[in-house]
Protein chains: 2
Amino acid sequence: MPYDPSAFPPFAVTVDLVVLTVRNHALCALVVRRGEPPFQGRWALPGGFVRAEEDLEAAAARELKEETGLRSHEPDGSDAGAHLEQLATYGDPQRDPRMRVVSVAHLVLAPDLPAPTAGGDARSARWATADSLLGSGDGMAREGDQAVPLAFDHDRILLDGVERARSKIEYSSLATAFCPPEFTVGELRRVYEAVWGVALDPRNFHRKVTGTPGFLVPTGGTTTRQGGRPAQLFRAGGATLLNPPMLRPEV
Amino acid sequence: MPYDPSAFPPFAVTVDLVVLTVRNHALCALVVRRGEPPFQGRWALPGGFVRAEEDLEAAAARELKEETGLRSHEPDGSDAGAHLEQLATYGDPQRDPRMRVVSVAHLVLAPDLPAPTAGGDARSARWATADSLLGSGDGMAREGDQAVPLAFDHDRILLDGVERARSKIEYSSLATAFCPPEFTVGELRRVYEAVWGVALDPRNFHRKVTGTPGFLVPTGGTTTRQGGRPAQLFRAGGATLLNPPMLRPEV
DNA sequence: GAAATAGTGTCTCTGAGACAGTATGAC
DNA sequence: GTCATACTGTCTCAGAGACACTATTTC
């Protein structure tokens, strides 16, 4: 097939967002209720069309802002914005019943937030635990007792996003993206426990994270917001790749 | 922006391929010479348009077949095809000077092959070492003594593909995708050495790979094609994730 | 015989996990 | 005081890396 720009099939390109946070010791994802067909009334991942002169990452950052008010991280690392990275691209010809849509999914990791602000085209938005959305592996989202799958192929996209997050906090410092700017070792441990769904030994965890160079930087302050003995406050250090990595138990 | 399929910007969607192999103890990538503008006469990654009713992975497999004659791996793992996986998607509005093109890059890992068959729209195709294409980090492809960058943003795509391959053989059994169906421990070690650009201790490597469950399965045969004492032949075992992982030195 | 590659044994050091014990707050 | 959490120390075991040594081929 010659590379002929005048004869290409028409595609729509969208971005979809897997926005994850940790709330109440559980990994949660942001879902919005669809206001129009297809899948009207069903829950879906936030997202929308890429504009004609817009980069993919810019489109993802714009949708994130519109749906949650969150800013994404600046490349210089200067702000407290959420982490945003490209996840994967989904282009099954049948994934949207109306037309050919290729969606570039992005993964967003954010600290715990107030209730989401439903903006733009979303009738409503909410945080749902990843477990309830992914069900027992049957791809059904639980709403009350009713099992309803997410719209389009968003179950698959969410699963890929959750798995990316679970593996990436092993060898990178990304778990700090789920924490506020200052946090304790115990709070960071609860992030790992929520994302992996396991219990970790607090003593070994403490020794490990404080001993990994560049992971945590003490800020000097302390807090007792978890009760018990005051805990040192830390912020994320400059390291992005952890060496040695954090190991997920029972792999 | 409402999800309105009748008002979307026009996009072209392509697949580009980072096809890697190991030849003469060096990691090599497949490049094709462009026959038309833009970037006429320059080297580029193989690729082409996604067809109207074609899945992204199917388009990548089709382009691979057209440009190299290689079949990609069937999902049931029954054949000896090359490994193919999605890499990332590149959609800078300026990446193609003619129009808005979003390219879904795929990574292909293949055993050493005869000279590539230039098919379809490629004037010619060749294997070039990753080092020569990536230069000293300056993004220039060497041809003789002349430094010529790859077309479009293919330098960036190639770099991402090489980095994916380098990291993925650490924790998966994908290094066997560079080997013929039956291979020796020494041949597998030379794959790691070529991809990582390091020297590994043959004795520790042997103990490690033969001790990792599910990585290698002895076929019973032996070969002396490397000279010296006859070496056992192995084929890839069922394991895809290695536990414990192979560790890249000096990280 | 020399040279080359394959494969085993053994030592040391690092780090993960188990878990005892101490420190410091709220009540 | 009790309770909860933070933090430190110590033990054991697995595995990575260094490297001596043996095995089996070609020349």
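Below, chains carry the letters A, B, ... as their sequence lines are ordered, and counting in each starts from 1. Because only heavy atoms are used, hydrogens play no part in the values below, and waters and symmetry mates are left out as well, while side chains stay in.
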Does the side chain of B/Tyr90 come under 3.5 Å of the side chain of B/Asp160 through a donor N or O and an acceptor N or O?
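Present: a donor and an acceptor within the cut-off.
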Where at least one partner belongs to residues 160-187 of chain B, residue pairs that pass ring-ring contact (aromatic ring centres under 6.0 Å, His included), sequence neighbours excluded
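Listed once each, the pairs would be none.
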Not counting sequence neighbours, which residues clear side chain to side chain contact (heavy atoms under 4.5 Å, CB included) with [X]? List them please.
{"X": "A/Glu85", "value": "A/His83, A/Leu107, A/Arg164, A/Lys168, A/Leu174"}
{"X": "B/Ala128", "value": "B/Val31, B/Arg126, B/Ser132, B/Leu133"}
{"X": "B/Phe205", "value": "B/Val185, B/Leu188, B/Arg189, B/Tyr192, B/Leu200, B/Val209, B/Met246"}

Smallest separation among heavy atoms of A/Leu242 and A/Ser172, with atom names:
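Smallest heavy-atom distance, with atoms named: CD1-O, 3.2 Å.
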Minimum heavy-atom separation for A/Pro180 and A/Pro111, please, with both atom names.
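So the two residues come closest at N-CB, 4.1 Å.
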Just to verify, what does A/Arg235 make a side-chain hydrogen bond (donor to acceptor under 3.5 Å, both in side chains) with, not counting sequence neighbours?
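Once residues adjacent in sequence are excluded, A/Arg235 has no partner under the side-chain hydrogen bond (donor to acceptor under 3.5 Å, both in side chains) criterion.
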For B/Thr184, all residues meeting side-chain hydrogen bond (donor to acceptor under 3.5 Å, both in side chains), sequence neighbours excluded:
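Listed in chain order: nothing, the list is empty.
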What residues from residues 222-239 of chain A pass a heavy-atom cutoff of under 4.0 Å to DNA chain D?
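Listed by number, they are A/Gln226, A/Gly227, A/Gly228, A/Arg229, A/Pro230, A/Ala231, A/Gln232.
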Tell me which residues in residues 190-209 of chain B put a heavy atom below 4.0 Å from DNA chain D, sorted by number, or none.
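When residues 190-209 of chain B is checked for heavy atoms under 4.0 Å from DNA chain D, the hits, listed by number, are B/Asp201, B/Arg203, B/Asn204, B/Arg207, B/Lys208.
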What are the bounds, 5' to 3', of the part of DNA chain C that sits under 4.0 Å from heavy atoms of chain B?
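Range of nucleotides within reach of chain B: C/dA4 to C/dT10.
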Does a side-chain heavy-atom distance below 4.5 Å link A/His154 with A/Trp43?
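They are not in contact (no side-chain heavy atoms under 4.5 Å apart), so the answer is no.
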Summary of salt bridge (Lys or Arg N to Asp or Glu O under 4.0 Å) pairs that have at least one residue in residues 207-220 of chain B, sequence neighbours excluded:
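For residues 207-220 of chain B, and leaving out neighbouring residues, there are no salt bridge (Lys or Arg N to Asp or Glu O under 4.0 Å) pairs at all.
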Kindly state each residue pair satisfying salt bridge (Lys or Arg N to Asp or Glu O under 4.0 Å) with at least one member in residues 209-229 of chain A, sequence neighbours excluded.
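For residues 209-229 of chain A, and leaving out neighbouring residues, the salt bridge (Lys or Arg N to Asp or Glu O under 4.0 Å) pairs sorted by first residue read A/Glu187-A/Arg225.
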How large an angle, rounded to 10°, do the end axes of the helix from C/dG1-D/dC27 to C/dC27-D/dG1 enclose when each is built from five base pairs?
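Rounded to the nearest 10 degrees, the bend comes out at 0°.
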